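Note that these values count all heavy atoms, side chains included, but never hydrogens, waters or copies made by symmetry. For clarity, every value in this text was computed on a predicted model and none was experimentally measured. Read the numbers this way: they start at 1 and go in the same order the structure lists the ligands and their atoms.
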Amino acid sequence: MTVNPSGWRPSSPATEQVTGDTTTGNRALMLEEPLLFEIGDTETTGVDFEDVEASANRLGGLERSRPIGLAGLSEPETVRHYTRLSRQNYAIDLGLFPLGSCTMKHNPRLNEKIARLPGFADIHPLQPVDTVQGALQVINELAEWLLALTGMYGVAMSPKAGAHGELCGLLCIRTALEARGDAREVVLVPESAHGTNPATAAFAGYRVENIPANAAGRVDLEALRKRLGAGGRDNGVAALMITNPNTCGLFEPDMIAISEAVHAAGGFVYCDGANFNAIVGKVRPGDLGIDAMHINLHKTFSTPHGGGGPGSGPVVVSEALSPYGPLPWAARYPDGSYRLVEEEGAAEEHPLGFGRMVAFHGQMGMFTRALAYILSHGADGLRQVAEDAVLNANYVLRSLEDVLDAPFAASGPCMHEALFSDRGFSGGLGTIDLAKALIDEGFHPMTMYFPLVVHGAMLVEPTETESRAALDQFIVAMRSIAERAKAGDQSLKAAPVHAPRRRLDETLAARKPVLTYQHLVPEAADEPTPHEKGDR
Ligand SMILES: *Cc1c(COP(=O)(O)O)cnc(C)c1O
């Protein structure tokens with residue numbers, strides 16, 4: 001393959017459609033970016049080592065038998081490649097990111113400053129405990145805040161994300177049930193649940209059964225009661241996994257009755273706490289009868305997520321589940337110093353725990369950021385966060401309900417996210433067309449086709465950190481696209497027209513992903529990758 005030495009390749013198939021009338025494919029100072037493999041080739045490398053005399057091969061037959069096929073690039077070529085690509089990213093630091101259920105709020109720079117203090121940023125998980133007392137204190141203090149905010153009894157800080165927290169919670173529940181000789185096989189999941197809930201339940205070895213939603217978008221309490229049976233304990237239900245506020249952006253007002261019904265039937269209540277931003281400082285999940293709940297520090301407590309960083313999903317648990325939680329945890333001695341409760345000694349202190357989920361304790365960078373966020377807001381500030389998040393979502397809901405179908409708007413205010421659907425669009429247009437047109441208007445699309453209980457769902461979560469002016473601009477864009485969709489404006493089918501790439505075949509990309517670049521390694525080309533096997 002020939003490579004243009006200066007890096008760009010005029011009118012390659014990928015660039016053709018966006019070149020407009022420039023020769024290079026660049027648009028002003030926004031540069032068109034080829035693949036890494038199109039810039040470099042396997043014959044050159046970015047570094048220039050002299051040949052060394054071969055030493056004896058000590059790889060015992062494990063040496064590579066064919067070329068690795070990586071494109072060789074110089075440092076400036078590499079830096080430019082990734083910097084150009086990064087300019088094509090959209091980020092919360094650039095504009096509104098209304099991705100429902102994801103709580104894409106601003107990440108305060110104060111958090112970053114704290115997380116970068118060398119005493120936090122440069123520690124190693126294998127350092128002696130007496131050299132990381134401050135870090136353990138941070139973990140412990142954050143844990144105490146999470147317990148205070150949720151009204152729960154214990155907390156496992158080690159899960160690395162929301163879904164990992166779900167697994168931690170279900171493993172606590174399973175261990176508790178097994179300890180009382182009552183292993184059960186079913187986890188109930190409402191229809192509106194996030195996909196991670198049934199996936200976690202299945203991963204933990206449970207059979208998943210759905211509980212329907214009622215016309216108001218809430219869990220159908222009667223259907224739940226019916227499934228649990230009349231007070232007996234032979235219903236097989238280990239747990240209900242419920243999200244509150246739920247993924248329709250609505251509070252479950254029957255939550256206490258739901259918890260009581262599950263407890264009476266001998267099961268536990270797991271709450272998916274991803275939507276905690278709507279109620280932080282207002283409602284304590286512990287008061288609602290919840291036994292376990294993960295907290296996405298990267299949503300509610302503003303630590304960067306998505307492309308921006310790792311998550312962290314501490315799990316708060318009730319007194320009944322606390323004996324079964326995982327190791328390790330940070331504990332305080334009476335003299336005020338800290339220790340990590342690990343395997344050694346746990347036999348006495350924590351004999352019923354289900355074990356260890358992670359190699360090292362916690363996501364230190366997320367803990368420092370979350371604690372900085374909590375301390376800089378204070379209890380009153382956190383309550384204000386929830387109030388403003390709900391206010392912003394209702395502003396969006398009421399500003400758009402006359403042009404977009406809003407399935408549950410008639411039943412009252414929403415919580416932190418506004419739910420719309422594509423009902424009323426004409427000319428074969430749907431949610432995807434509105435979302436793509438939103439890209440042309442400079443906004444990341446909302447969450448699409450989720451929750452599943454609403455056909456053509458659009459879930460908008462503005463968060464509390466957007467100004468009224470930003471929301472108004474978003475609303476103007478949404479209104480104009482919605483009007484076009486209702487009028488059946490077929491030009492929407494072509495959107496996005498101003499993005500670096502036009503509408504892609506996302507179904508094909510998901511079903512038949514091509515994840516390797518074949519052309520540089522001729523020997524490898526006729527050996528299909530696992531993804532290609534059977535597809536071609
Ligand atoms: C984000 C989210 C999760 C999963 O959290 P991760 O940190 O991405 O694993 C689960 N449930 C709901 C409702 C969510 O929004």
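The shortest N/O to N/O separation between N197 and ligand 1 does not fall below 3.5 Å. Annotation: H294 places no N or O atom under 3.5 Å from an N or O atom of ligand 1; distance criterion only.
A donor-acceptor pair shorter than 3.5 Å can be found between the side chains of T196 and E166. In this model, a donor atom of one side chain and an acceptor atom of the other lie less than 3.5 Å apart for E252 and N246. Looking at S101 and E461, their side chains never bring a donor and an acceptor atom within 3.5 Å of each other. Side-chain contact annotation: S302 with N111, donor-acceptor N/O pair under 3.5 Å present. With no hydrogens or angles considered, no side-chain donor-acceptor pair links T300 and N277 at under 3.5 Å.
The closest protein non-hydrogen atom to atom 9 (O) of ligand 1 is A163 N, 2.8 Å. Nearest to atom 6 (P) of ligand 1 among the protein's heavy atoms is G162 N, 3.4 Å. Distance from atom 11 (N) of ligand 1 to its nearest protein heavy atom, with residue and atom name: D272 OD2, 2.5 Å. The closest protein non-hydrogen atom to atom 14 (C) of ligand 1 is K299 NZ, 2.9 Å. Here the heavy atom of the protein found nearest to atom 8 (O) of ligand 1 is H298 NE2, 4.4 Å. Among all protein heavy atoms, the one lying closest to atom 15 (O) of ligand 1 is S101 OG, 2.6 Å. In this structure, atom 5 (O) of ligand 1 lies nearest to the protein heavy atom N296 ND2, 3.0 Å.
Ring planes of H444 and F97: parallel class, angle under 30° (limits at 30 and 60°).
For ligand 1, the atoms sitting less than 4.0 Å from at least one non-hydrogen atom of E166 are 10 (C), numbered in the order shown with element in parentheses. Near A274, with a cut-off below 4.0 Å to any heavy atom, the atoms of ligand 1 are 2 (C), 11 (N), 12 (C), 13 (C), 14 (C), 15 (O).
A salt bridge does not link K105 to E466: none of the charged nitrogens lies less than 4.0 Å from a carboxylate oxygen.
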Original post:
Run the ring-ring contact (aromatic ring centres under 6.0 Å, His included) check on F268 and H263 step by step: do they pass?
Top reply: CA-CA 6 Å; F268 288 96; H263 289 154; 7.1 Å; no
